[in-house]
Protein chains: 2
Amino acid sequence: MRKTRISSAVVRRLPKYYRHLCDLERMGEEKISSQQLSEKTGFTASQIRQDLNHFGGFGQQGYGYRVGDLKKAITEIIGLDKSYKAVIVGYGNIGQAIHKYKRFDVKELDVVGIFDTKAGKKHGQEVKSVKELASFLKENPVDVAILAIPVEHAQEVADMLEEGMVRAIWNFAPTDIKVGFRIPIESVHLSESLYSLIFYSWNIDDYKEK
Amino acid sequence: MRKTRISSAVVRRLPKYYRHLCDLERMGEEKISSQQLSEKTGFTASQIRQDLNHFGGFGQQGYGYRVGDLKKAITEIIGLDKSYKAVIVGYGNIGQAIHKYKRFDVKELDVVGIFDTKAGKKHGQEVKSVKELASFLKENPVDVAILAIPVEHAQEVADMLEEGMVRAIWNFAPTDIKVGFRIPIESVHLSESLYSLIFYSWNIDDYKEK
DNA sequence: TAGATTGTTAATCGATTAACAATC
DNA sequence: TAGATTGTTAATCGATTAACAATC
(Lines give C-alpha, C1' and ligand atoms only; values in the text may rest on other atoms or scores of the structure.)
Protein backbone atom coordinates (compact mmCIF):
# COMPACT_ATOMS: atom_id res chain seq x y z
CA MET A 1 0.00 0.00 0.00
CA ARG A 2 2.37 2.57 -1.25
CA LYS A 3 1.74 6.13 -2.31
CA THR A 4 3.51 6.10 -5.64
CA ARG A 5 5.87 4.14 -7.80
CA ILE A 6 9.39 4.19 -6.39
CA SER A 7 11.85 5.65 -8.87
CA SER A 8 15.13 3.85 -9.39
CA ALA A 9 16.91 6.91 -8.03
CA VAL A 10 15.25 6.26 -4.68
CA VAL A 11 16.02 2.53 -4.81
CA ARG A 12 19.69 3.29 -5.37
CA ARG A 13 19.69 5.51 -2.30
CA LEU A 14 18.06 3.01 0.04
CA PRO A 15 21.24 0.95 0.56
CA LYS A 16 23.14 4.14 1.30
CA TYR A 17 20.65 5.11 3.99
CA TYR A 18 20.98 1.62 5.35
CA ARG A 19 24.75 1.81 5.46
CA HIS A 20 24.84 5.17 7.21
CA LEU A 21 22.21 4.12 9.71
CA CYS A 22 24.33 1.07 10.55
CA ASP A 23 27.29 3.37 11.13
CA LEU A 24 25.21 5.63 13.35
CA GLU A 25 23.88 2.71 15.33
CA ARG A 26 27.40 1.36 15.80
CA MET A 27 28.45 4.77 17.06
CA GLY A 28 25.65 4.68 19.60
CA GLU A 29 23.66 7.53 18.10
CA GLU A 30 20.02 7.48 19.07
CA LYS A 31 18.52 10.20 16.94
CA ILE A 32 19.29 11.78 13.61
CA SER A 33 17.68 14.68 11.75
CA SER A 34 17.34 14.85 8.00
CA GLN A 35 19.84 17.69 8.16
CA GLN A 36 22.45 15.57 9.90
CA LEU A 37 21.82 12.63 7.61
CA SER A 38 22.25 15.01 4.72
CA GLU A 39 25.77 15.84 5.86
CA LYS A 40 26.62 12.16 6.10
CA THR A 41 25.16 11.02 2.80
CA GLY A 42 25.54 14.07 0.61
CA PHE A 43 21.87 14.01 -0.32
CA THR A 44 19.84 17.08 0.57
CA ALA A 45 17.72 17.03 3.70
CA SER A 46 14.72 17.68 1.53
CA GLN A 47 15.44 14.69 -0.61
CA ILE A 48 15.90 12.47 2.40
CA ARG A 49 12.55 13.45 3.89
CA GLN A 50 10.95 13.04 0.49
CA ASP A 51 12.50 9.58 0.03
CA LEU A 52 11.59 8.28 3.45
CA ASN A 53 8.05 9.50 3.11
CA HIS A 54 7.50 7.26 0.14
CA PHE A 55 7.45 4.42 2.62
CA GLY A 56 5.72 6.07 5.56
CA GLY A 57 6.29 8.62 8.26
CA PHE A 58 9.20 7.32 10.26
CA GLY A 59 10.10 10.62 11.81
CA GLN A 60 8.80 12.68 14.62
CA GLN A 61 8.18 16.33 13.99
CA GLY A 62 10.38 18.59 16.06
CA TYR A 63 12.65 15.66 16.96
CA GLY A 64 13.96 13.82 13.94
CA TYR A 65 14.31 10.11 13.31
CA ARG A 66 15.14 7.40 15.82
CA VAL A 67 18.20 5.65 14.40
CA GLY A 68 17.18 2.19 15.57
CA ASP A 69 13.63 2.44 14.30
CA LEU A 70 14.62 3.91 10.97
CA LYS A 71 17.32 1.32 10.42
CA LYS A 72 14.85 -1.45 11.20
CA ALA A 73 12.31 0.05 8.83
CA ILE A 74 14.78 0.31 5.96
CA THR A 75 16.09 -3.18 6.64
CA GLU A 76 12.56 -4.45 6.14
CA ILE A 77 11.80 -2.22 3.16
CA ILE A 78 14.81 -3.58 1.28
CA GLY A 79 14.25 -7.11 2.58
CA LEU A 80 17.53 -7.55 4.41
CA ASP A 81 15.75 -9.22 7.31
CA LYS A 82 15.08 -12.28 5.16
CA SER A 83 17.14 -15.28 4.03
CA TYR A 84 17.90 -15.92 0.39
CA LYS A 85 18.91 -19.00 -1.54
CA ALA A 86 21.45 -18.32 -4.26
CA VAL A 87 23.15 -20.15 -7.08
CA ILE A 88 26.38 -19.07 -8.71
CA VAL A 89 26.63 -19.80 -12.39
CA GLY A 90 30.17 -19.40 -13.65
CA TYR A 91 32.89 -20.07 -11.12
CA GLY A 92 35.79 -18.10 -12.54
CA ASN A 93 37.44 -15.08 -10.93
CA ILE A 94 34.30 -13.13 -10.38
CA GLY A 95 32.11 -16.03 -9.33
CA GLN A 96 34.64 -17.09 -6.75
CA ALA A 97 35.24 -13.58 -5.49
CA ILE A 98 31.54 -13.02 -4.90
CA HIS A 99 31.29 -16.41 -3.23
CA LYS A 100 34.07 -15.54 -0.81
CA TYR A 101 32.88 -12.01 -0.24
CA LYS A 102 31.07 -12.40 3.06
CA ARG A 103 30.01 -8.86 3.74
CA PHE A 104 26.46 -9.03 2.48
CA ASP A 105 24.29 -7.91 5.32
CA VAL A 106 21.19 -9.95 4.58
CA LYS A 107 19.94 -12.34 7.23
CA GLU A 108 21.43 -15.19 5.21
CA LEU A 109 22.72 -15.61 1.67
CA ASP A 110 22.81 -19.35 1.26
CA VAL A 111 24.67 -20.54 -1.84
CA VAL A 112 22.88 -23.79 -2.58
CA GLY A 113 24.58 -24.58 -5.87
CA ILE A 114 27.60 -23.63 -7.94
CA PHE A 115 27.63 -24.31 -11.66
CA ASP A 116 30.19 -23.95 -14.39
CA THR A 117 30.86 -25.25 -17.86
CA LYS A 118 33.64 -27.30 -16.28
CA ALA A 119 32.22 -29.44 -13.48
CA GLY A 120 34.29 -30.92 -10.68
CA LYS A 121 36.00 -29.72 -7.55
CA LYS A 122 37.45 -26.25 -7.59
CA HIS A 123 39.25 -24.96 -4.52
CA GLY A 124 37.41 -27.42 -2.34
CA GLN A 125 34.01 -26.49 -3.74
CA GLU A 126 31.74 -28.87 -5.54
CA VAL A 127 31.01 -27.36 -8.94
CA LYS A 128 28.18 -28.85 -10.96
CA SER A 129 27.90 -28.75 -14.72
CA VAL A 130 25.64 -26.05 -16.14
CA LYS A 131 23.90 -28.89 -17.92
CA GLU A 132 22.44 -29.82 -14.56
CA LEU A 133 21.20 -26.31 -13.86
CA ALA A 134 17.72 -26.70 -15.34
CA SER A 135 16.94 -29.89 -13.44
CA PHE A 136 18.48 -28.48 -10.27
CA LEU A 137 16.18 -25.48 -10.41
CA LYS A 138 13.16 -27.75 -10.74
CA GLU A 139 13.97 -29.29 -7.38
CA ASN A 140 15.40 -26.28 -5.57
CA PRO A 141 13.75 -22.90 -5.41
CA VAL A 142 16.28 -20.13 -5.84
CA ASP A 143 15.94 -16.46 -4.98
CA VAL A 144 19.05 -14.93 -6.45
CA ALA A 145 21.05 -16.24 -9.38
CA ILE A 146 24.55 -14.87 -9.61
CA LEU A 147 25.49 -14.92 -13.25
CA ALA A 148 29.25 -14.74 -13.75
CA ILE A 149 29.69 -16.73 -16.91
CA PRO A 150 31.27 -15.49 -20.15
CA VAL A 151 29.16 -13.37 -22.48
CA GLU A 152 28.73 -16.17 -25.02
CA HIS A 153 26.65 -18.25 -22.63
CA ALA A 154 25.06 -15.53 -20.54
CA GLN A 155 21.79 -15.31 -22.42
CA GLU A 156 21.19 -19.05 -22.65
CA VAL A 157 21.86 -19.43 -18.93
CA ALA A 158 19.54 -16.52 -18.26
CA ASP A 159 16.84 -18.33 -20.20
CA MET A 160 17.31 -21.39 -17.99
CA LEU A 161 17.12 -19.21 -14.91
CA GLU A 162 13.89 -17.69 -16.10
CA GLU A 163 12.46 -21.11 -16.88
CA GLY A 164 13.65 -22.27 -13.46
CA MET A 165 11.77 -19.39 -11.81
CA VAL A 166 14.59 -17.69 -9.99
CA ARG A 167 13.35 -14.50 -8.37
CA ALA A 168 16.22 -12.21 -9.34
CA ILE A 169 19.36 -12.20 -11.46
CA TRP A 170 22.59 -10.51 -10.47
CA ASN A 171 24.52 -10.26 -13.69
CA PHE A 172 28.28 -9.85 -13.97
CA ALA A 173 28.57 -10.76 -17.63
CA PRO A 174 29.37 -7.71 -19.73
CA THR A 175 26.24 -7.89 -21.81
CA ASP A 176 22.59 -6.92 -21.57
CA ILE A 177 20.62 -10.06 -20.87
CA LYS A 178 16.91 -10.19 -21.46
CA VAL A 179 14.28 -12.13 -19.55
CA GLY A 180 10.57 -11.85 -18.86
CA PHE A 181 9.53 -8.70 -17.14
CA ARG A 182 8.75 -10.46 -13.87
CA ILE A 183 12.41 -11.00 -13.05
CA PRO A 184 14.55 -8.05 -12.03
CA ILE A 185 18.11 -7.99 -13.29
CA GLU A 186 20.86 -6.00 -11.70
CA SER A 187 24.05 -5.82 -13.69
CA VAL A 188 27.52 -5.03 -12.45
CA HIS A 189 29.42 -4.05 -15.54
CA LEU A 190 33.03 -3.77 -14.41
CA SER A 191 34.40 -2.64 -17.75
CA GLU A 192 31.80 0.07 -18.09
CA SER A 193 32.58 1.27 -14.62
CA LEU A 194 36.29 1.51 -15.45
CA TYR A 195 35.57 3.23 -18.77
CA SER A 196 33.49 5.92 -17.12
CA LEU A 197 36.32 6.49 -14.68
CA ILE A 198 38.84 6.75 -17.49
CA PHE A 199 36.62 9.24 -19.28
CA TYR A 200 36.48 11.37 -16.15
CA SER A 201 40.23 11.14 -15.68
CA TRP A 202 40.53 13.08 -18.95
CA ASN A 203 37.49 15.26 -18.40
CA ILE A 204 37.61 16.14 -14.75
CA ASP A 205 35.50 19.23 -15.33
CA ASP A 206 32.59 17.00 -16.24
CA TYR A 207 32.99 15.08 -13.00
CA LYS A 208 30.69 15.72 -10.12
CA GLU A 209 31.10 13.64 -7.01
CA LYS A 210 28.20 11.44 -5.90
CA MET B 1 36.22 22.45 -27.16
CA ARG B 2 32.93 21.04 -26.13
CA LYS B 3 29.47 22.51 -26.37
CA THR B 4 28.27 21.85 -22.85
CA ARG B 5 29.05 19.97 -19.71
CA ILE B 6 28.55 16.25 -20.13
CA SER B 7 26.00 14.90 -17.69
CA SER B 8 26.81 11.71 -15.85
CA ALA B 9 23.86 10.08 -17.59
CA VAL B 10 25.69 10.53 -20.89
CA VAL B 11 28.99 9.30 -19.46
CA ARG B 12 27.29 6.12 -18.26
CA ARG B 13 25.96 5.51 -21.74
CA LEU B 14 29.29 5.97 -23.56
CA PRO B 15 30.63 2.52 -22.63
CA LYS B 16 27.37 0.98 -23.80
CA TYR B 17 27.69 2.65 -27.17
CA TYR B 18 31.23 1.40 -27.30
CA ARG B 19 30.23 -2.16 -26.52
CA HIS B 20 27.48 -2.26 -29.11
CA LEU B 21 29.69 -0.72 -31.76
CA CYS B 22 32.28 -3.41 -31.09
CA ASP B 23 29.57 -6.03 -31.55
CA LEU B 24 28.47 -4.42 -34.81
CA GLU B 25 32.02 -4.22 -36.09
CA ARG B 26 32.59 -7.86 -35.21
CA MET B 27 29.45 -8.73 -37.15
CA GLY B 28 30.81 -6.88 -40.14
CA GLU B 29 28.20 -4.13 -40.15
CA GLU B 30 29.33 -0.99 -41.91
CA LYS B 31 26.57 1.47 -41.15
CA ILE B 32 24.06 1.98 -38.36
CA SER B 33 21.26 4.49 -37.93
CA SER B 34 20.24 5.99 -34.63
CA GLN B 35 17.04 4.00 -35.00
CA GLN B 36 18.87 0.69 -35.32
CA LEU B 37 21.22 1.54 -32.48
CA SER B 38 18.16 2.38 -30.44
CA GLU B 39 16.86 -1.16 -30.87
CA LYS B 40 20.19 -2.58 -29.73
CA THR B 41 20.78 -0.36 -26.75
CA GLY B 42 17.29 0.38 -25.53
CA PHE B 43 17.94 4.13 -25.59
CA THR B 44 15.74 6.23 -27.83
CA ALA B 45 17.05 7.26 -31.23
CA SER B 46 16.57 10.85 -30.19
CA GLN B 47 18.70 10.37 -27.13
CA ILE B 48 21.44 8.69 -29.11
CA ARG B 49 21.66 11.53 -31.62
CA GLN B 50 21.56 14.01 -28.76
CA ASP B 51 24.34 12.17 -26.91
CA LEU B 52 26.63 11.80 -29.90
CA ASN B 53 26.21 15.41 -30.81
CA HIS B 54 27.69 16.50 -27.53
CA PHE B 55 31.00 15.37 -28.97
CA GLY B 56 30.58 16.35 -32.60
CA GLY B 57 28.71 15.37 -35.72
CA PHE B 58 29.77 11.84 -36.45
CA GLY B 59 26.83 10.99 -38.65
CA GLN B 60 25.89 11.67 -42.20
CA GLN B 61 22.44 12.99 -42.86
CA GLY B 62 20.34 10.62 -44.90
CA TYR B 63 22.76 7.79 -44.27
CA GLY B 64 23.44 7.19 -40.60
CA TYR B 65 26.73 6.51 -38.84
CA ARG B 66 29.72 4.56 -40.13
CA VAL B 67 30.32 1.86 -37.53
CA GLY B 68 34.09 1.96 -37.82
CA ASP B 69 34.35 5.72 -37.60
CA LEU B 70 31.90 6.02 -34.75
CA LYS B 71 33.60 3.27 -32.78
CA LYS B 72 36.96 4.94 -33.27
CA ALA B 73 35.54 8.28 -32.17
CA ILE B 74 34.02 6.85 -29.01
CA THR B 75 37.18 4.91 -28.25
CA GLU B 76 39.06 8.20 -28.28
CA ILE B 77 36.39 10.13 -26.42
CA ILE B 78 36.53 7.67 -23.53
CA GLY B 79 40.29 7.30 -23.78
CA LEU B 80 40.42 3.58 -24.53
CA ASP B 81 43.12 4.14 -27.14
CA LYS B 82 45.61 4.96 -24.42
CA SER B 83 47.69 2.92 -21.96
CA TYR B 84 47.23 3.21 -18.22
CA LYS B 85 49.41 2.39 -15.25
CA ALA B 86 47.53 0.92 -12.33
CA VAL B 87 48.15 -0.11 -8.76
CA ILE B 88 46.00 -2.48 -6.78
CA VAL B 89 45.71 -1.71 -3.10
CA GLY B 90 44.20 -4.59 -1.21
CA TYR B 91 44.85 -8.02 -2.64
CA GLY B 92 41.98 -10.02 -1.21
CA ASN B 93 39.17 -11.64 -3.18
CA ILE B 94 38.17 -8.54 -5.05
CA GLY B 95 41.66 -7.22 -5.71
CA GLN B 96 42.73 -10.56 -7.12
CA ALA B 97 39.60 -10.98 -9.20
CA ILE B 98 40.07 -7.60 -10.83
CA HIS B 99 43.73 -8.38 -11.40
CA LYS B 100 42.88 -11.59 -13.20
CA TYR B 101 39.96 -10.12 -15.10
CA LYS B 102 41.57 -9.49 -18.45
CA ARG B 103 38.65 -8.16 -20.43
CA PHE B 104 39.29 -4.47 -20.09
CA ASP B 105 39.44 -3.13 -23.58
CA VAL B 106 41.88 -0.28 -23.06
CA LYS B 107 45.08 -0.27 -25.08
CA GLU B 108 46.92 -1.46 -22.00
CA LEU B 109 46.16 -1.67 -18.29
CA ASP B 110 49.53 -2.19 -16.75
CA VAL B 111 49.49 -3.18 -13.08
CA VAL B 112 52.76 -1.74 -11.86
CA GLY B 113 52.29 -2.47 -8.18
CA ILE B 114 50.20 -4.53 -5.79
CA PHE B 115 49.91 -3.54 -2.17
CA ASP B 116 48.31 -5.07 0.86
CA THR B 117 48.51 -4.85 4.63
CA LYS B 118 50.19 -8.25 4.48
CA ALA B 119 53.22 -8.08 2.19
CA GLY B 120 54.87 -11.08 0.57
CA LYS B 121 54.11 -13.47 -2.23
CA LYS B 122 50.48 -14.30 -2.90
CA HIS B 123 49.63 -16.75 -5.64
CA GLY B 124 52.90 -16.03 -7.38
CA GLN B 125 52.47 -12.26 -7.20
CA GLU B 126 54.77 -9.93 -5.38
CA VAL B 127 52.69 -7.99 -2.91
CA LYS B 128 54.24 -4.95 -1.29
CA SER B 129 53.28 -3.52 2.05
CA VAL B 130 50.91 -0.57 1.99
CA LYS B 131 53.54 1.20 4.06
CA GLU B 132 55.57 1.41 0.87
CA LEU B 133 52.73 2.89 -1.14
CA ALA B 134 53.52 6.56 -0.54
CA SER B 135 57.16 6.25 -1.53
CA PHE B 136 56.28 4.04 -4.48
CA LEU B 137 53.93 6.69 -5.83
CA LYS B 138 56.67 9.29 -5.59
CA GLU B 139 58.79 7.30 -8.02
CA ASN B 140 56.08 5.84 -10.23
CA PRO B 141 53.29 7.84 -11.81
CA VAL B 142 50.00 6.00 -11.61
CA ASP B 143 46.85 6.60 -13.60
CA VAL B 144 44.34 4.33 -11.93
CA ALA B 145 44.40 3.15 -8.34
CA ILE B 146 42.25 0.13 -7.66
CA LEU B 147 41.17 0.35 -4.07
CA ALA B 148 40.02 -3.00 -2.73
CA ILE B 149 40.99 -2.76 0.88
CA PRO B 150 38.66 -3.09 3.89
CA VAL B 151 36.57 -0.07 4.87
CA GLU B 152 38.68 0.66 7.95
CA HIS B 153 41.71 1.61 5.85
CA ALA B 154 40.02 2.88 2.71
CA GLN B 155 40.09 6.57 3.58
CA GLU B 156 43.71 6.65 4.75
CA VAL B 157 44.83 4.82 1.62
CA ALA B 158 42.79 7.23 -0.46
CA ASP B 159 44.63 10.10 1.21
CA MET B 160 47.94 8.53 0.19
CA LEU B 161 46.70 8.10 -3.33
CA GLU B 162 45.71 11.73 -3.50
CA GLU B 163 49.06 12.80 -2.11
CA GLY B 164 50.71 10.47 -4.63
CA MET B 165 48.86 12.17 -7.47
CA VAL B 166 47.08 9.21 -8.95
CA ARG B 167 44.76 10.37 -11.71
CA ALA B 168 41.71 8.28 -10.80
CA ILE B 169 40.45 5.97 -8.07
CA TRP B 170 38.37 2.89 -8.69
CA ASN B 171 36.90 2.07 -5.31
CA PHE B 172 35.57 -1.31 -4.25
CA ALA B 173 35.46 -0.61 -0.53
CA PRO B 174 31.87 -0.28 0.69
CA THR B 175 32.24 3.27 1.87
CA ASP B 176 32.22 6.78 0.45
CA ILE B 177 35.79 7.97 0.25
CA LYS B 178 36.64 11.63 -0.10
CA VAL B 179 39.52 13.23 -1.92
CA GLY B 180 40.30 16.55 -3.56
CA PHE B 181 37.97 17.48 -6.35
CA ARG B 182 40.62 16.96 -9.01
CA ILE B 183 40.51 13.17 -8.70
CA PRO B 184 37.50 11.29 -9.99
CA ILE B 185 36.32 8.32 -7.97
CA GLU B 186 34.20 5.56 -9.35
CA SER B 187 32.82 3.18 -6.77
CA VAL B 188 31.59 -0.33 -7.28
CA HIS B 189 29.45 -1.04 -4.27
CA LEU B 190 28.66 -4.73 -4.49
CA SER B 191 26.45 -4.84 -1.43
CA GLU B 192 24.40 -1.89 -2.57
CA SER B 193 23.95 -3.50 -5.95
CA LEU B 194 22.68 -6.69 -4.33
CA TYR B 195 20.41 -4.77 -1.98
CA SER B 196 18.75 -2.93 -4.83
CA LEU B 197 18.18 -6.24 -6.55
CA ILE B 198 16.67 -7.71 -3.42
CA PHE B 199 14.39 -4.72 -3.08
CA TYR B 200 13.18 -5.22 -6.63
CA SER B 201 12.66 -8.93 -6.08
CA TRP B 202 9.97 -7.94 -3.59
CA ASN B 203 8.74 -4.90 -5.48
CA ILE B 204 8.79 -5.99 -9.08
CA ASP B 205 6.20 -3.37 -10.00
CA ASP B 206 8.75 -0.70 -9.22
CA TYR B 207 11.25 -2.34 -11.51
CA LYS B 208 11.89 -0.94 -14.93
CA GLU B 209 14.54 -2.54 -17.05
CA LYS B 210 17.48 -0.40 -18.13
C1' DT C 1 15.01 15.14 -57.34
C1' DA C 2 12.92 12.21 -53.63
C1' DG C 3 13.87 9.67 -49.58
C1' DA C 4 16.23 9.07 -45.53
C1' DT C 5 18.30 10.33 -41.46
C1' DT C 6 21.04 13.49 -38.96
C1' DG C 7 21.68 17.75 -36.06
C1' DT C 8 19.33 20.82 -33.24
C1' DT C 9 15.67 23.40 -31.16
C1' DA C 10 11.37 23.19 -28.55
C1' DA C 11 8.12 20.63 -25.52
C1' DT C 12 7.54 17.35 -22.03
C1' DC C 13 8.42 14.78 -18.26
C1' DG C 14 10.29 13.48 -13.92
C1' DA C 15 13.33 14.21 -10.20
C1' DT C 16 15.29 17.50 -7.03
C1' DT C 17 14.97 21.46 -4.25
C1' DA C 18 12.57 25.02 -1.75
C1' DA C 19 9.07 26.47 1.18
C1' DC C 20 6.01 26.17 4.77
C1' DA C 21 2.09 24.40 7.39
C1' DA C 22 1.49 20.69 10.69
C1' DT C 23 2.84 18.98 14.99
C1' DC C 24 5.83 16.97 18.39
C1' DT D 1 4.28 27.99 24.84
C1' DA D 2 8.43 28.41 21.82
C1' DG D 3 11.59 25.89 19.09
C1' DA D 4 12.62 22.36 16.13
C1' DT D 5 11.96 19.37 12.51
C1' DT D 6 9.00 16.54 9.92
C1' DG D 7 5.59 15.69 6.09
C1' DT D 8 3.94 17.52 1.97
C1' DT D 9 2.88 20.71 -1.61
C1' DA D 10 4.71 23.95 -5.01
C1' DA D 11 8.62 25.71 -7.81
C1' DT D 12 12.71 24.69 -10.19
C1' DC D 13 15.85 22.34 -12.65
C1' DG D 14 17.73 19.05 -15.78
C1' DA D 15 17.25 15.17 -18.68
C1' DT D 16 14.51 12.87 -22.09
C1' DT D 17 11.54 12.94 -25.94
C1' DA D 18 9.37 14.97 -29.92
C1' DA D 19 9.53 17.58 -33.92
C1' DC D 20 11.40 19.33 -37.88
C1' DA D 21 14.61 21.92 -40.73
C1' DA D 22 19.03 20.94 -42.79
C1' DT D 23 21.38 18.12 -45.93
C1' DC D 24 23.41 13.98 -47.72
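Per chain, numbering begins at 1; letters A, B, ... match sequence-line order. Quick note: numbers below take in every heavy atom, side chains included, and nothing from hydrogens, waters or symmetry partners.
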Please tabulate, one pair per line, each protein N/O and nucleotide N/O from nucleotides 17-24 of chain C that are separated by under 3.5 Å, including the distance.
unit_1, atom_1, unit_2, atom_2, d
C:dT17, OP2, A:Thr44, OG1, 3.1
C:dT17, O4, A:Gln50, NE2, 2.5
C:dA18, N7, A:Ser46, OG, 2.7
C:dA18, N6, A:Ser46, OG, 3.4
C:dA19, N6, A:Arg49, NH2, 3.2
C:dA22, N3, A:Gln61, NE2, 3.1
C:dT23, O4', A:Gln61, OE1, 2.9
C:dC24, O4', A:Gln61, O, 3.3
C:dC24, O3', A:Gln60, NE2, 2.7
C:dC24, O2, A:Gln61, O, 3.3

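- Listed for the A:Lys16 side chain is no donor-acceptor partner under 3.5 Å among the backbone atoms of A:Thr41.
- One atom, CZ of B:Arg12, and another, P of D:dT16, lie 13 Å apart when rounded to the nearest Å.
- Considering only side-chain N and O atoms, A:Ser34 lies under 4.0 angstrom from the phosphate OP1 or OP2 of D:dT6.
- The residues A:Asp23 and A:Arg26 are annotated as salt-bridged, a charged nitrogen and a carboxylate oxygen being separated by less than 4.0 angstrom.
- Ring to ring, A:Phe104 and A:Trp170 are close: their centroids are under 6.0 angstrom apart.
- Side-chain proximity of A:Ala9 to D:dT16, C:dG7, C:dT16: nearest is C:dT16.
- For the pair A:Ser7 and B:Ile32, both in contact range of DNA chain C, the more 5′-proximal nearest nucleotide belongs to B:Ile32.
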>> With side-chain contact (heavy atoms from CB on, under 4.5 Å) as the criterion, how do B:Phe58 and B:Ile77 come out once you've worked through the C-alpha distance, each side chain's angles and the decisive distance to 0.1 Å?
In response: CA-CA 12 Å; B:Phe58 302 119; B:Ile77 288 165; 3.8 Å; yes
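- Within 6.0 Å of atom NZ in A:Lys40, 12 or fewer heavy atoms from other residues, nucleotides or ligands are found, so the atom counts as exposed in its surroundings.
- Counting only Watson-Crick and G-U wobble pairs whose two key distances fall under 3.5 Å, DNA chain C forms stems of three or more stacked pairs at C:3-24 with D:3-24.
- Applying the side-chain contact (heavy atoms from CB on, under 4.5 Å) test between A:Asp51 and each of A:Leu14, A:Val11, A:Ile6, A:Val10 identifies A:Val10 as the sole match.
- Protein atom NE2 of A:His54 is 12 Å distant from nucleotide atom C1' of D:dG7, rounded to whole Å.
- Taking atom CZ on A:Phe58 and atom P on D:dT6, their separation rounds to 14 Å, with Å as the unit.
- A:Leu70 places none of its side-chain heavy atoms less than 4.5 Å from the side chain of A:Tyr17.
- Looking at A:Phe199 and A:Asp206, their side chains come closer than 4.5 Å, going by heavy atoms from C-beta outward.
- Contact between the side-chain N/O atoms of B:Tyr65 and the OP1/OP2 oxygens of C:dA4 is not found at any separation under 4.0 Å.
- Taking atom CD of A:Gln35 as the reference point, atom P of D:dA4 lies 13 Å away to the nearest angstrom.
- By the 4.0 Å N-to-carboxylate-O rule, B:Arg19 lies close enough to A:Asp176 to be salt-bridged with it.
- The separation between A:Gln36 atom CD and D:dT5 atom P is 8 Å, rounded to whole Å.
- Between A:Glu192 and B:Arg12, none of the side-chain N atoms (NZ, or NE/NH1/NH2) sits under 4.0 Å from a carboxylate O, so this pair counts as no salt bridge.
- For the segment residues 67-78 of chain B, no residue has any heavy atom less than 4.0 angstrom from an atom of DNA chain D.
- Within a 6.0 Å sphere centred on NZ of B:Lys72, other residues, nucleotides and ligands contribute 12 heavy atoms or fewer.
- Distance CG (B:Asp206) to P (C:dA15): 12 Å, rounded to an integer number of Å.
- Here C:dA15 presents its P atom at 18 Å from CD1 of A:Ile48, a figure rounded to the nearest Å.
- Whole-Å rounding puts the A:Lys31 NZ to D:dT5 C1' distance at 8 Å.
- Ionic pairing of A:Asp143 and A:Lys85 is not present here: no N-O contact between side-chain nitrogen and carboxylate oxygen is shorter than 4.0 angstrom.
- Taking 4.0 angstrom as the limit, A:Arg66 places none of its side-chain polar atoms (N or O) nearer than this to OP1 or OP2 of D:dT5.
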